[in-house]
Number of protein chains: 2
Amino acid sequence: MSLVHTKNAATTSRRRRQPEAETKADISRERVLVAAAQIFNEKGYSGTTMRDVGRAVGLQAASLYYHYRSKDELIEAVLDKGVDDVAASVRAAVKAVPETASHKERISIALDAHLRSVLGSTFSMSARRVFGQVPEPIRRRHLKHRDAYGEFWMNLLRDAAKGGALRSEIDVRLARIFIISALNSALDWYKPEGKSVDQLAKQFNLFITDGLFSS
Amino acid sequence: MSLVHTKNAATTSRRRRQPEAETKADISRERVLVAAAQIFNEKGYSGTTMRDVGRAVGLQAASLYYHYRSKDELIEAVLDKGVDDVAASVRAAVKAVPETASHKERISIALDAHLRSVLGSTFSMSARRVFGQVPEPIRRRHLKHRDAYGEFWMNLLRDAAKGGALRSEIDVRLARIFIISALNSALDWYKPEGKSVDQLAKQFNLFITDGLFSS
DNA sequence: GTCTATACTTTGATAGAC
DNA sequence: GTCTATCAAAGTATAGAC
(Lines give C-alpha, C1' and ligand atoms only; values in the text may rest on other atoms or scores of the structure.)
Protein backbone atom coordinates (compact mmCIF):
# COMPACT_ATOMS: atom_id res chain seq x y z
CA MET A 1 0.00 0.00 0.00
CA SER A 2 2.96 2.26 0.58
CA LEU A 3 1.38 5.22 2.25
CA VAL A 4 4.67 6.55 3.40
CA HIS A 5 5.45 10.15 2.59
CA THR A 6 2.09 10.67 0.97
CA LYS A 7 0.52 13.19 3.22
CA ASN A 8 -3.11 12.48 2.61
CA ALA A 9 -2.99 8.87 1.66
CA ALA A 10 -3.10 8.18 5.37
CA THR A 11 -6.86 8.56 5.29
CA THR A 12 -7.16 4.80 5.50
CA SER A 13 -7.47 4.16 9.22
CA ARG A 14 -9.79 7.10 9.75
CA ARG A 15 -12.30 6.67 12.50
CA ARG A 16 -13.83 10.09 12.99
CA ARG A 17 -16.37 11.69 10.72
CA GLN A 18 -14.31 14.79 10.02
CA PRO A 19 -13.43 14.90 6.36
CA GLU A 20 -9.79 15.61 7.27
CA ALA A 21 -8.98 13.52 10.31
CA GLU A 22 -5.33 13.78 11.21
CA THR A 23 -3.42 10.59 11.52
CA LYS A 24 -0.48 10.22 13.82
CA ALA A 25 1.74 10.65 10.80
CA ASP A 26 0.11 13.95 9.92
CA ILE A 27 0.61 15.21 13.42
CA SER A 28 4.22 14.19 13.62
CA ARG A 29 4.92 15.59 10.22
CA GLU A 30 3.44 18.90 11.24
CA ARG A 31 5.34 18.99 14.53
CA VAL A 32 8.57 18.26 12.71
CA LEU A 33 7.91 21.08 10.28
CA VAL A 34 7.24 23.61 13.01
CA ALA A 35 10.30 22.57 14.98
CA ALA A 36 12.42 22.67 11.86
CA ALA A 37 11.31 26.21 11.07
CA GLN A 38 12.25 27.23 14.57
CA ILE A 39 15.69 25.67 14.50
CA PHE A 40 16.57 26.62 10.95
CA ASN A 41 15.74 30.14 11.98
CA GLU A 42 18.11 29.98 14.91
CA LYS A 43 21.00 28.10 13.42
CA GLY A 44 20.76 28.46 9.68
CA TYR A 45 20.73 25.76 7.05
CA SER A 46 24.05 24.01 7.45
CA GLY A 47 24.10 24.82 11.14
CA THR A 48 20.96 22.80 11.73
CA THR A 49 21.32 19.04 11.96
CA MET A 50 18.67 16.40 11.70
CA ARG A 51 19.64 15.47 15.23
CA ASP A 52 18.72 18.98 16.37
CA VAL A 53 15.32 18.73 14.80
CA GLY A 54 14.78 15.27 16.16
CA ARG A 55 15.68 16.31 19.66
CA ALA A 56 13.21 19.19 19.50
CA VAL A 57 10.31 16.88 18.78
CA GLY A 58 11.50 13.96 20.87
CA LEU A 59 12.43 11.73 17.97
CA GLN A 60 15.62 10.16 16.76
CA ALA A 61 17.14 11.77 13.70
CA ALA A 62 16.55 8.60 11.75
CA SER A 63 12.83 8.76 12.48
CA LEU A 64 12.49 12.05 10.67
CA TYR A 65 13.17 10.26 7.44
CA TYR A 66 9.84 8.57 7.76
CA HIS A 67 8.19 11.97 7.36
CA TYR A 68 10.60 13.73 5.05
CA ARG A 69 12.85 12.15 2.48
CA SER A 70 15.77 14.42 3.29
CA LYS A 71 16.90 17.50 5.07
CA ASP A 72 16.42 19.36 1.83
CA GLU A 73 12.83 18.30 1.42
CA LEU A 74 12.25 19.51 4.95
CA ILE A 75 13.73 22.92 4.44
CA GLU A 76 11.96 23.38 1.16
CA ALA A 77 8.67 22.86 2.93
CA VAL A 78 9.63 25.51 5.49
CA LEU A 79 10.66 27.92 2.79
CA ASP A 80 7.49 27.55 0.78
CA LYS A 81 5.18 27.80 3.75
CA GLY A 82 7.00 30.93 4.79
CA VAL A 83 6.07 32.91 1.72
CA ASP A 84 2.73 31.28 1.05
CA ASP A 85 1.43 32.22 4.47
CA VAL A 86 2.41 35.84 4.04
CA ALA A 87 0.96 35.99 0.55
CA ALA A 88 -2.35 34.57 1.73
CA SER A 89 -2.52 37.00 4.58
CA VAL A 90 -1.82 40.04 2.43
CA ARG A 91 -4.23 38.98 -0.27
CA ALA A 92 -6.95 38.58 2.31
CA ALA A 93 -6.29 42.01 3.78
CA VAL A 94 -6.39 43.70 0.41
CA LYS A 95 -9.50 41.86 -0.62
CA ALA A 96 -11.24 43.29 2.42
CA VAL A 97 -10.50 46.88 1.40
CA PRO A 98 -13.62 48.70 0.11
CA GLU A 99 -13.70 49.44 -3.59
CA THR A 100 -13.93 53.13 -2.83
CA ALA A 101 -10.55 53.26 -1.11
CA SER A 102 -7.72 55.24 -2.68
CA HIS A 103 -4.64 53.61 -4.13
CA LYS A 104 -2.63 54.92 -1.26
CA GLU A 105 -5.01 53.43 1.28
CA ARG A 106 -4.97 50.09 -0.45
CA ILE A 107 -1.21 50.00 -0.54
CA SER A 108 -0.97 51.11 3.04
CA ILE A 109 -3.12 48.18 4.04
CA ALA A 110 -0.92 45.82 2.08
CA LEU A 111 2.24 47.21 3.65
CA ASP A 112 0.74 46.81 7.05
CA ALA A 113 -0.47 43.27 6.44
CA HIS A 114 2.86 42.17 5.03
CA LEU A 115 4.83 43.53 7.94
CA ARG A 116 2.56 42.01 10.56
CA SER A 117 2.38 38.69 8.85
CA VAL A 118 6.09 38.42 8.33
CA LEU A 119 6.98 39.41 11.87
CA GLY A 120 4.42 37.02 13.27
CA SER A 121 5.44 33.88 11.45
CA THR A 122 8.28 31.61 12.39
CA PHE A 123 8.13 30.25 8.89
CA SER A 124 8.78 33.52 7.17
CA MET A 125 11.50 34.39 9.64
CA SER A 126 13.08 31.07 8.94
CA ALA A 127 12.62 31.42 5.21
CA ARG A 128 14.37 34.75 5.14
CA ARG A 129 17.24 33.48 7.19
CA VAL A 130 18.01 30.35 5.21
CA PHE A 131 17.04 31.34 1.71
CA GLY A 132 20.55 32.34 0.77
CA GLN A 133 22.09 29.24 2.28
CA VAL A 134 20.09 26.56 0.60
CA PRO A 135 21.25 24.48 -2.38
CA GLU A 136 20.56 26.07 -5.74
CA PRO A 137 17.88 23.65 -7.00
CA ILE A 138 15.78 24.27 -3.92
CA ARG A 139 16.16 27.99 -4.21
CA ARG A 140 15.14 27.88 -7.83
CA ARG A 141 11.98 25.93 -7.17
CA HIS A 142 11.12 28.12 -4.23
CA LEU A 143 11.47 31.24 -6.30
CA LYS A 144 8.21 30.43 -8.05
CA HIS A 145 6.38 31.00 -4.79
CA ARG A 146 8.06 34.34 -4.35
CA ASP A 147 7.36 35.39 -7.88
CA ALA A 148 3.70 34.63 -7.55
CA TYR A 149 3.48 36.93 -4.56
CA GLY A 150 5.63 39.51 -6.30
CA GLU A 151 3.13 39.60 -9.15
CA PHE A 152 0.39 40.47 -6.73
CA TRP A 153 2.35 43.51 -5.64
CA MET A 154 3.15 44.45 -9.20
CA ASN A 155 -0.54 44.67 -9.95
CA LEU A 156 -1.19 46.76 -6.90
CA LEU A 157 1.51 49.20 -7.91
CA ARG A 158 0.67 49.24 -11.58
CA ASP A 159 -2.89 50.18 -10.73
CA ALA A 160 -1.66 52.99 -8.54
CA ALA A 161 0.66 54.22 -11.25
CA LYS A 162 -2.09 54.12 -13.87
CA GLY A 163 -4.33 56.03 -11.50
CA GLY A 164 -1.66 58.72 -11.27
CA ALA A 165 -1.11 58.17 -7.58
CA LEU A 166 2.60 57.46 -7.84
CA ARG A 167 5.34 59.91 -8.71
CA SER A 168 5.76 59.76 -12.44
CA GLU A 169 9.56 59.28 -12.34
CA ILE A 170 9.20 56.01 -10.48
CA ASP A 171 10.17 52.66 -11.95
CA VAL A 172 7.37 50.46 -10.70
CA ARG A 173 9.30 47.26 -10.99
CA LEU A 174 12.06 48.65 -8.82
CA ALA A 175 9.59 50.11 -6.39
CA ARG A 176 8.10 46.69 -5.86
CA ILE A 177 11.43 45.19 -4.93
CA PHE A 178 12.25 48.17 -2.78
CA ILE A 179 9.05 47.83 -0.80
CA ILE A 180 9.22 44.13 -0.17
CA SER A 181 12.90 44.26 0.69
CA ALA A 182 12.42 47.13 3.08
CA LEU A 183 9.58 45.40 4.86
CA ASN A 184 11.39 42.09 5.06
CA SER A 185 14.47 43.75 6.43
CA ALA A 186 12.57 44.15 9.67
CA LEU A 187 13.07 40.44 10.14
CA ASP A 188 16.77 41.08 10.52
CA TRP A 189 16.61 43.52 13.34
CA TYR A 190 13.14 43.83 14.84
CA LYS A 191 13.04 43.05 18.55
CA PRO A 192 9.65 42.87 20.28
CA GLU A 193 11.13 44.60 23.33
CA GLY A 194 11.32 47.91 21.52
CA LYS A 195 8.63 49.50 19.40
CA SER A 196 5.33 47.73 18.91
CA VAL A 197 4.58 46.26 15.52
CA ASP A 198 1.88 48.87 15.33
CA GLN A 199 4.25 51.77 15.65
CA LEU A 200 6.67 50.10 13.32
CA ALA A 201 4.02 49.68 10.66
CA LYS A 202 3.04 53.34 10.92
CA GLN A 203 6.61 54.52 10.49
CA PHE A 204 7.29 52.21 7.58
CA ASN A 205 4.17 53.38 5.91
CA LEU A 206 5.35 56.94 6.27
CA PHE A 207 8.85 56.20 5.02
CA ILE A 208 7.69 54.33 1.99
CA THR A 209 4.69 56.29 0.83
CA ASP A 210 5.68 59.85 1.81
CA GLY A 211 9.45 59.67 2.19
CA LEU A 212 11.69 61.07 4.87
CA PHE A 213 11.84 64.72 3.92
CA SER A 214 9.13 67.27 4.47
CA SER A 215 7.42 69.25 1.71
CA MET B 1 61.40 34.49 16.51
CA SER B 2 57.88 33.36 15.74
CA LEU B 3 56.73 35.81 13.13
CA VAL B 4 53.89 33.61 12.19
CA HIS B 5 50.42 35.14 12.06
CA THR B 6 51.74 38.55 13.03
CA LYS B 7 50.99 40.57 9.96
CA ASN B 8 53.57 43.28 10.28
CA ALA B 9 56.28 41.49 12.16
CA ALA B 10 57.42 40.28 8.78
CA THR B 11 59.22 43.58 8.29
CA THR B 12 62.40 41.83 9.31
CA SER B 13 63.73 40.61 6.00
CA ARG B 14 62.88 43.85 4.28
CA ARG B 15 65.18 44.77 1.46
CA ARG B 16 63.49 47.62 -0.33
CA ARG B 17 63.32 51.17 0.96
CA GLN B 18 59.51 51.41 0.96
CA PRO B 19 58.31 51.79 4.49
CA GLU B 20 55.76 49.01 3.90
CA ALA B 21 57.39 46.43 1.65
CA GLU B 22 55.14 43.44 1.18
CA THR B 23 56.63 40.13 2.10
CA LYS B 24 55.55 36.94 0.44
CA ALA B 25 53.46 36.25 3.50
CA ASP B 26 51.63 39.54 3.16
CA ILE B 27 50.85 38.81 -0.43
CA SER B 28 49.59 35.32 0.21
CA ARG B 29 47.57 36.49 3.15
CA GLU B 30 45.92 39.11 1.00
CA ARG B 31 45.23 36.71 -1.84
CA VAL B 32 43.68 34.26 0.56
CA LEU B 33 41.44 36.99 1.96
CA VAL B 34 40.19 38.05 -1.45
CA ALA B 35 39.54 34.50 -2.53
CA ALA B 36 37.77 33.76 0.71
CA ALA B 37 35.47 36.74 0.28
CA GLN B 38 34.62 35.53 -3.19
CA ILE B 39 33.85 31.99 -2.15
CA PHE B 40 32.06 32.81 1.07
CA ASN B 41 29.88 35.05 -1.04
CA GLU B 42 29.06 32.22 -3.39
CA LYS B 43 28.63 29.34 -1.00
CA GLY B 44 27.97 30.82 2.39
CA TYR B 45 29.74 30.16 5.64
CA SER B 46 29.27 26.45 6.24
CA GLY B 47 29.13 25.81 2.53
CA THR B 48 32.67 27.04 2.08
CA THR B 49 35.49 24.70 3.00
CA MET B 50 39.10 25.53 3.61
CA ARG B 51 39.81 23.22 0.70
CA ASP B 52 37.71 25.45 -1.55
CA VAL B 53 39.65 28.52 -0.54
CA GLY B 54 42.95 26.74 -0.91
CA ARG B 55 42.09 25.56 -4.40
CA ALA B 56 41.20 29.10 -5.43
CA VAL B 57 44.64 30.41 -4.53
CA GLY B 58 46.59 27.32 -5.50
CA LEU B 59 47.41 26.23 -1.97
CA GLN B 60 46.66 23.20 0.11
CA ALA B 61 44.05 23.71 2.77
CA ALA B 62 46.64 23.07 5.43
CA SER B 63 48.77 25.92 4.14
CA LEU B 64 46.06 28.43 4.85
CA TYR B 65 46.62 27.87 8.53
CA TYR B 66 49.97 29.56 8.20
CA HIS B 67 48.14 32.78 7.36
CA TYR B 68 44.99 32.44 9.41
CA ARG B 69 44.57 30.56 12.65
CA SER B 70 41.18 29.19 11.69
CA LYS B 71 38.30 29.41 9.31
CA ASP B 72 36.62 31.70 11.76
CA GLU B 73 39.50 34.13 11.90
CA LEU B 74 39.37 34.21 8.13
CA ILE B 75 35.71 34.97 7.86
CA GLU B 76 35.89 37.58 10.58
CA ALA B 77 38.49 39.42 8.54
CA VAL B 78 36.20 39.33 5.52
CA LEU B 79 33.26 40.55 7.55
CA ASP B 80 35.12 43.48 9.07
CA LYS B 81 36.70 44.59 5.84
CA GLY B 82 33.28 44.50 4.26
CA VAL B 83 31.80 47.19 6.45
CA ASP B 84 34.96 49.17 7.05
CA ASP B 85 35.48 49.72 3.35
CA VAL B 86 31.95 50.99 2.88
CA ALA B 87 32.18 53.21 5.93
CA ALA B 88 35.42 54.77 4.73
CA SER B 89 34.00 55.39 1.31
CA VAL B 90 30.84 57.07 2.58
CA ARG B 91 32.72 59.19 5.10
CA ALA B 92 35.00 60.41 2.35
CA ALA B 93 32.09 61.29 0.09
CA VAL B 94 30.29 63.22 2.78
CA LYS B 95 33.43 65.03 3.84
CA ALA B 96 33.76 66.31 0.29
CA VAL B 97 30.33 67.92 0.35
CA PRO B 98 30.48 71.74 0.59
CA GLU B 99 29.40 73.23 3.90
CA THR B 100 26.71 75.17 2.10
CA ALA B 101 24.89 72.06 0.92
CA SER B 102 21.41 71.31 2.24
CA HIS B 103 20.70 68.39 4.55
CA LYS B 104 18.89 66.68 1.74
CA GLU B 105 21.83 67.06 -0.59
CA ARG B 106 24.22 65.73 2.01
CA ILE B 107 22.09 62.71 2.68
CA SER B 108 21.60 62.09 -1.02
CA ILE B 109 25.35 61.95 -1.42
CA ALA B 110 25.65 59.51 1.43
CA LEU B 111 22.92 57.29 0.00
CA ASP B 112 24.61 57.29 -3.32
CA ALA B 113 28.06 56.54 -1.92
CA HIS B 114 26.78 53.71 0.22
CA LEU B 115 24.98 52.05 -2.63
CA ARG B 116 27.89 52.30 -5.01
CA SER B 117 30.39 51.14 -2.48
CA VAL B 118 28.38 48.19 -1.36
CA LEU B 119 27.57 47.02 -4.87
CA GLY B 120 31.19 47.36 -5.90
CA SER B 121 32.82 45.40 -3.13
CA THR B 122 33.13 41.65 -2.96
CA PHE B 123 33.78 42.06 0.74
CA SER B 124 30.53 43.77 1.52
CA MET B 125 28.62 41.34 -0.67
CA SER B 126 30.24 38.53 1.19
CA ALA B 127 29.69 40.15 4.56
CA ARG B 128 25.99 40.53 3.94
CA ARG B 129 25.64 36.98 2.78
CA VAL B 130 27.39 35.28 5.67
CA PHE B 131 26.64 37.59 8.55
CA GLY B 132 23.66 35.59 9.67
CA GLN B 133 25.46 32.27 9.37
CA VAL B 134 28.52 32.94 11.42
CA PRO B 135 29.07 31.76 15.02
CA GLU B 136 27.71 34.10 17.63
CA PRO B 137 31.02 35.32 19.11
CA ILE B 138 32.21 36.46 15.72
CA ARG B 139 28.97 38.19 14.98
CA ARG B 140 29.10 39.99 18.29
CA ARG B 141 32.60 41.30 17.74
CA HIS B 142 31.81 42.29 14.20
CA LEU B 143 28.80 44.26 15.32
CA LYS B 144 31.08 46.93 16.73
CA HIS B 145 32.20 47.76 13.22
CA ARG B 146 28.61 48.07 12.09
CA ASP B 147 27.65 50.19 15.04
CA ALA B 148 30.46 52.63 14.40
CA TYR B 149 29.19 53.17 10.89
CA GLY B 150 25.62 53.32 12.12
CA GLU B 151 26.58 56.15 14.43
CA PHE B 152 27.84 58.11 11.48
CA TRP B 153 24.44 57.87 9.87
CA MET B 154 22.70 58.75 13.10
CA ASN B 155 24.57 62.01 13.21
CA LEU B 156 23.73 62.76 9.63
CA LEU B 157 20.05 62.20 10.29
CA ARG B 158 19.96 63.94 13.63
CA ASP B 159 21.43 67.03 12.03
CA ALA B 160 18.80 66.92 9.32
CA ALA B 161 16.07 66.51 11.91
CA LYS B 162 17.34 69.40 14.01
CA GLY B 163 17.49 71.53 10.90
CA GLY B 164 13.82 70.77 10.30
CA ALA B 165 14.50 68.99 7.04
CA LEU B 166 12.84 65.72 8.03
CA ARG B 167 9.18 65.10 8.55
CA SER B 168 8.49 65.74 12.19
CA GLU B 169 6.65 62.44 12.80
CA ILE B 170 9.73 60.45 11.92
CA ASP B 171 11.61 58.32 14.41
CA VAL B 172 15.19 59.00 13.43
CA ARG B 173 16.58 55.83 14.92
CA LEU B 174 14.18 53.77 12.87
CA ALA B 175 14.81 55.84 9.78
CA ARG B 176 18.50 55.04 10.03
CA ILE B 177 17.88 51.31 10.07
CA PHE B 178 15.34 51.64 7.31
CA ILE B 179 17.78 53.46 5.05
CA ILE B 180 20.72 51.17 5.54
CA SER B 181 18.60 48.05 5.23
CA ALA B 182 16.94 49.30 2.08
CA LEU B 183 20.25 50.13 0.46
CA ASN B 184 21.86 46.87 1.48
CA SER B 185 18.93 44.91 0.16
CA ALA B 186 20.21 45.71 -3.30
CA LEU B 187 22.95 43.20 -2.61
CA ASP B 188 20.33 40.48 -2.61
CA TRP B 189 18.87 41.11 -6.00
CA TYR B 190 20.88 43.60 -8.04
CA LYS B 191 22.12 42.22 -11.33
CA PRO B 192 24.52 44.32 -13.42
CA GLU B 193 22.73 43.23 -16.59
CA GLY B 194 19.72 45.33 -15.76
CA LYS B 195 19.67 48.94 -14.62
CA SER B 196 22.94 50.76 -14.14
CA VAL B 197 24.05 51.53 -10.62
CA ASP B 198 23.52 55.13 -11.59
CA GLN B 199 19.87 54.68 -12.37
CA LEU B 200 19.45 52.52 -9.32
CA ALA B 201 20.94 55.18 -7.07
CA LYS B 202 18.64 57.84 -8.51
CA GLN B 203 15.55 55.75 -7.91
CA PHE B 204 16.56 54.79 -4.39
CA ASN B 205 17.20 58.39 -3.61
CA LEU B 206 13.73 59.25 -4.78
CA PHE B 207 12.08 56.42 -2.87
CA ILE B 208 13.82 57.22 0.36
CA THR B 209 13.84 60.98 0.46
CA ASP B 210 10.58 61.81 -1.33
CA GLY B 211 8.57 58.61 -1.08
CA LEU B 212 6.53 56.82 -3.69
CA PHE B 213 3.39 58.91 -3.81
CA SER B 214 3.03 62.27 -5.44
CA SER B 215 2.03 65.47 -3.63
C1' DG C 1 5.97 5.09 13.45
C1' DT C 2 10.04 4.99 15.94
C1' DC C 3 14.28 2.88 17.52
C1' DT C 4 19.27 1.15 17.39
C1' DA C 5 23.24 0.46 14.85
C1' DT C 6 26.08 1.80 11.53
C1' DA C 7 27.93 2.85 6.73
C1' DC C 8 29.80 6.50 4.38
C1' DT C 9 31.39 11.20 3.64
C1' DT C 10 33.18 15.55 4.57
C1' DT C 11 35.34 18.81 7.35
C1' DG C 12 38.53 21.69 10.37
C1' DA C 13 42.74 21.27 12.10
C1' DT C 14 47.57 19.39 13.49
C1' DA C 15 52.33 17.23 12.84
C1' DG C 16 56.31 17.14 10.69
C1' DA C 17 59.09 16.89 6.27
C1' DC C 18 61.07 19.93 2.91
C1' DG D 1 55.84 29.18 3.33
C1' DT D 2 53.88 25.17 1.55
C1' DC D 3 53.29 20.22 1.21
C1' DT D 4 51.78 15.34 2.50
C1' DA D 5 49.65 12.51 5.68
C1' DT D 6 46.43 11.96 8.95
C1' DC D 7 43.09 12.36 12.82
C1' DA D 8 38.91 13.14 15.36
C1' DA D 9 34.46 14.88 15.03
C1' DA D 10 30.23 15.49 13.00
C1' DG D 11 26.84 14.95 9.58
C1' DT D 12 23.29 12.64 6.25
C1' DA D 13 21.17 8.72 5.31
C1' DT D 14 20.05 3.59 5.23
C1' DA D 15 18.89 -1.16 7.16
C1' DG D 16 16.33 -3.77 9.81
C1' DA D 17 14.32 -4.87 14.48
C1' DC D 18 10.28 -3.89 17.19
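First the proteins, then the strands, lettered A, B, ... as listed; each starts at 1.
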Distance, rounded to the nearest Å, where B/Tyr68 contributes OH and C/dG12 contributes P: 16 Å
Spacing of B/Lys43 atom NZ relative to C/dT10 atom P, expressed in whole Å: 12 Å
Proximal nucleotide (of C/dT2, D/dG1, D/dC3) relative to the B/Ser28 side chain: D/dG1
B/Glu22 bridged to B/Arg29 by N-O distance under 4.0 Å: no
Nearest to side-chain heavy atoms of A/Ala62, which nucleotide of D/dT14, C/dA15, D/dT12: D/dT14
Nearest to side-chain heavy atoms of A/Ala25, which nucleotide of D/dT2, C/dG12, C/dG1: C/dG1
Value in whole Å for how far the C1' atom of C/dT11 lies from OH of B/Tyr45: 11 Å
Touch class at under 4.0 angstrom, heavy-atom based, for B/Thr48 against every strand present: sugar-phosphate
Derivation of the side-chain contact (heavy atoms from CB on, under 4.5 Å) call for A/Ile107 and A/Trp153: CA-CA 9 Å; A/Ile107 286 179; A/Trp153 268 95; 4.3 Å; yes
Nearest-neighbour nucleotide for the B/Tyr66 side chain, C/dT4, C/dG12, D/dG1 considered: D/dG1
Integer-rounded Å distance: C/dT11 P and B/Ile75 CD1: 15 Å
Sugar-phosphate only, base, or nothing, as touched by B/Gly47 at under 4.0 Å among non-hydrogen atoms: nothing
Listed nucleotide nearest any side-chain atom of B/Arg51, set D/dC3, D/dT12, C/dA13: C/dA13
Interatomic distance, B/Lys71 NZ vs C/dT11 C1' [rounded to whole Å]: 8 Å
Residue A/Lys24, side-chain heavy atoms: nucleotide from C/dT14, D/dT12, C/dT2 that is nearest: C/dT2
Interatomic distance where CG belongs to A/Leu64 and P belongs to D/dT14 [whole Å]: 13 Å
Nearest-angstrom distance from the residue atom CG of A/Leu74 to P of D/dT12: 11 Å
Derivation of the side-chain contact (heavy atoms from CB on, under 4.5 Å) call for B/Phe131 and A/Asp188: CA-CA 11 Å; B/Phe131 175 71; A/Asp188 294 337; over 6 Å; no
Sugar-phosphate only, base, or nothing, as touched by A/Gly54 at under 4.0 Å among non-hydrogen atoms: nothing
Interatomic distance where CE belongs to B/Met50 and P belongs to D/dC3 [whole Å]: 13 Å
Options D/dA13, D/dC3, C/dA13, nucleotide nearest the side-chain atoms of A/Ser70: D/dA13
B/Phe152 and B/His114 aromatic centres sub-6.0 Å: no
Short side-chain N/O contact from B/Ser63 to OP1 or OP2 of D/dG1, under 4.0 Å: no
Salt bridge B/Asp112-B/Lys202, side-chain N to carboxylate O under 4.0 Å: no
